[in-house]
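These numbers come from the heavy atoms of this one structure, side chains and all, not from hydrogens, waters or symmetry mates.
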Amino acid sequence: MVNLDEIYKELERGVSEIIDEEKVKDLIKNYYEKGENFYVKIGMDPTAPDLHLGHSVTLQKMAFLQAHGAIIMFLIGDFTAQIGDPSGKSETRKKLSKDVVLENAKTYEEQVFKVLDRNKTKIMFNSEWTNSMSAADMIELASTYSVARMLERDDFEKRYKNQTPISISEFLYPLLQGHDSVVMKCDIEMGGTDQKFNLLMGRHLQRIYNTGKEQAVITMPLLVGLDGVNKMSKSLNNYIGVTDEPNQMYAKTLSISDELMWEWYKLLSTKSLKEIDELKKGVENGTIHPKEVKEALALEITARFHDESLAKKAKEEFDKIHSLNKLPSSMEEFEIKDEIWVVEAIVKCGLAGSNSQARRHIKANAFSIDQKKIDDENLVLKKGKYVLQIGKKNFAKLKVV
């Protein structure tokens, strides 16, 4: 017997806001009572080639909804990506070429099925209908919203007050995203908290265009990145990409703080709230070590985007290097002719970006050769084979011939 109350509780887990929550609950209820599926939209503009764990927060919630009757309408914004979403931006975004957008779109298609059920997902492209819109259609769409209302949007308001240029195309972006919902006739649209204005536009336009539907809106929080401060972002280099190698993904997950770990559990783990609460109590009363809990999270995330065996190998490799102080199984290899100054060797092997940075590593006692600390920055490496190491994670094999 299905426990709808438990499903509703899990629905609300980690969510920032549900607008028209009763409608969402009714859709789930109708699925179990009448076998009726419902349609959930997510739109992503392929402005970069890869997705990261921050994107997967919303995908995870959609995977949950798929288990309870949802058909996911995954919209790739190949048209709107060429405009650029102004959400949270302090200036006009650079226009992307169609070729770049289409290349990025291919990787999105591949990557989303690491989380979503392919059989319950429909991939769509908004160029299918937006390319065929006439000038009259575009003017009609633009007439559905006033400039005054558009300027109430936080990022537009700030830019307007600061006399920072806002292009007309940026005003069109939320209208076009909302128009996608009109065409797709979705029941629910999901996105990050920074997308709320655009998501509500879809609800507004469905009503204006008399579609017979008025989508509910679910917003998810923006995942805090590895630095524990800012939202996960490639530009801030505080991200884990869904295509990261298993060893890298596992190690990066273990690097987050114990405090952030619980937020990641809530937003990324498939464990129930009850299971997470029991883990938290175990850590608080000292019966479970926080490292053990974090390792379980790292294993789960790595297994999701690769597989269980690769996740276990990543753990073994991490333990081998960090706990047992052994060398990794594979390292990048370099070959240099003639003897070389150790500082230059560090740079040539990619372990430092400059000679000055290499010197700092040596002075900080962070540099080793063949697992022996080296503090002589004037050392010259003669013919032979060496394993160079900076800190606990960065290794390179060097052959001087």
Side-chain angles (χ1 to χ4, degrees), residues 9-18 50-64 88 114-115 190-196 218-242 244-306 311-312 314-319 321-323 364 366 391-394:
K9 187 177 179 182
E10 192 66 25
L11 167 70
E12 294 166 359
R13 165 183 171 172
V15 168
S16 289
E17 187 176 7
I18 302 178
D50 295 306
L51 301 175
H52 55 62
L53 291 192
H55 298 113
S56 76
V57 169
T58 303
L59 294 177
Q60 280 286 112
K61 185 62 67 176
M62 299 186 99
F64 164 78
K114 290 178 178 289
V115 180
M190 294 186 64
T193 51
D194 59 341
Q195 289 291 310
K196 184 176 176 180
I218 301 176
T219 59
M220 299 298 295
L222 304 177
L223 186 70
V224 175
L226 299 173
D227 57 9
V229 178
N230 302 294
K231 75 171 185 176
M232 187 170 283
S233 164
K234 285 201 166 186
S235 61
L236 295 174
N237 197 31
N238 66 349
Y239 72 98
I240 298 177
V242 301
D244 279 359
E245 293 297 321
N247 291 357
Q248 193 177 24
M249 187 174 284
Y250 182 86
K252 282 184 177 181
T253 304
L254 279 190
S255 74
I256 65 173
S257 68
D258 291 352
E259 184 180 354
L260 182 58
M261 170 178 71
W262 298 117
E263 182 70 8
W264 278 37
Y265 255 109
K266 183 172 71 173
L267 296 177
L268 297 172
S269 177
T270 57
K271 290 185 183 298
S272 69
L273 290 172
K274 183 179 179 182
E275 288 173 310
I276 295 170
D277 189 51
E278 287 172 356
L279 288 174
K280 199 168 186 178
K281 286 177 180 175
V283 170
E284 288 170 354
N285 63 31
T287 57
I288 306 176
H289 196 284
K291 183 175 180 288
E292 184 183 333
V293 181
K294 201 181 296 182
E295 285 174 341
L297 177 64
L299 278 168
E300 181 182 349
I301 289 173
T302 307
R304 177 178 305 140
F305 295 104
H306 296 283
K312 287 179 178 177
K315 182 183 185 309
E316 290 168 5
E317 187 74 5
F318 186 91
D319 291 343
I321 298 168
H322 296 267
S323 303
K392 292 184 176 181
K393 300 180 181 179
N394 303 303

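- Atom CD of E245 has 12 or fewer heavy atoms from other residues, nucleotides or ligands within 6.0 Å.
- In this structure a side-chain-to-backbone donor-acceptor pair under 3.5 Å is missing from T193 to T219.
- The shortest distance between side-chain heavy atoms of D194 and K231 falls below 4.5 Å.
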Between K271 and L279, is a side-chain contact (heavy atoms from CB on, under 4.5 Å) present by the stated rule, with each step listed? CA-CA 10 Å; K271 290 185 183 298; L279 288 174; 4.0 Å; yes
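- Within the 4.5 Å cutoff, no side-chain heavy atoms of Q195 are placed close to those of T58.
- Between Y239 and H52, the ring planes lie tilted relative to each other; the angle falls in the 30° to 60° range.
- The shortest non-hydrogen separation linking T253 to W264 is CG2-CZ3, 4.3 Å.
- Closest non-hydrogen pair, M232 versus I240, comes out as SD-N, 3.7 Å.
- Between L51 and K114 there is no side-chain heavy-atom pair separated by less than 4.5 Å.
- Atom NZ of K9 is surrounded by 12 or fewer heavy atoms from other residues, nucleotides or ligands within 6.0 Å.
- The closest donor-acceptor contact from the side chain of Y250 to the backbone of E317 lies at 3.5 Å or more, if one exists at all.
- The two residues E17 and K196 come nearest to each other via the heavy atoms OE1-NZ, 3.0 Å.
- Panel note: side chain N230, backbone S233; no donor-acceptor pair is recorded below 3.5 Å.
- Looking at V115 and V242, their side chains never come closer than 4.5 Å, going by heavy atoms from C-beta outward.
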For residues 295-303, run the donor-acceptor check on the side chains, cut-off 3.5 Å, and write out each pair with its distance to 0.1 Å, sequence neighbours left out.
unit_1 : atom_1 : unit_2 : atom_2 : d
E295   : OE2    : K291   : NZ     : 2.6
E300   : OE1    : S269   : OG     : 2.8
E300   : OE2    : S269   : OG     : 3.2
E300   : OE2    : T270   : N      : 2.6
E300   : OE2    : T270   : OG1    : 3.0
E300   : OE2    : R304   : NH2    : 3.1
T302   : OG1    : A298   : O      : 2.7

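- N247 places no side-chain N or O within donor-acceptor distance of the main-chain N or O of F318, the cut-off being under 3.5 Å.
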Would V283 and D258 count as a side-chain contact (heavy atoms from CB on, under 4.5 Å) if you check the C-alpha gap in whole Å, the side-chain angles of each, and the deciding distance to 0.1 Å? CA-CA 10 Å; V283 170; D258 291 352; over 6 Å; no
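- The cationic atom of K61 (NZ for Lys, CZ for Arg) lies less than 6.0 Å from the six-membered ring centre of F64 and within 45° of the ring axis.
- Taking CE from M220 and OG from S56, the interatomic distance works out to 10.0 Å, rounded to the nearest 0.5 Å.
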When you look at E263 and K266, which way does the salt bridge (charged side-chain N to carboxylate O under 4.0 Å, His left out) test go after all the steps? CA-CA 5 Å; E263 182 70 8; K266 183 172 71 173; 3.6 Å; yes
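- Looking at D244, its side chain does come within 3.5 Å of a backbone N or O of G241 through a donor-acceptor pair.
- Listed here is the closest heavy atom pair of I256 and M261: CD1-CA, 3.7 Å.
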Quick one, L53 with K252, criterion side-chain contact (heavy atoms from CB on, under 4.5 Å). Give me CA distance, side-chain angles, the key distance, then yes/no. CA-CA 12 Å; L53 291 192; K252 282 184 177 181; over 6 Å; no
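- Looking at L273 and E10, their side chains come closer than 4.5 Å, going by heavy atoms from C-beta outward.
- What you find for S16 and P221 is that their closest heavy atoms are OG-N, 3.2 Å.
- For N285 against T287, the heavy-atom pair with the smallest separation is OD1-OG1, 2.7 Å.
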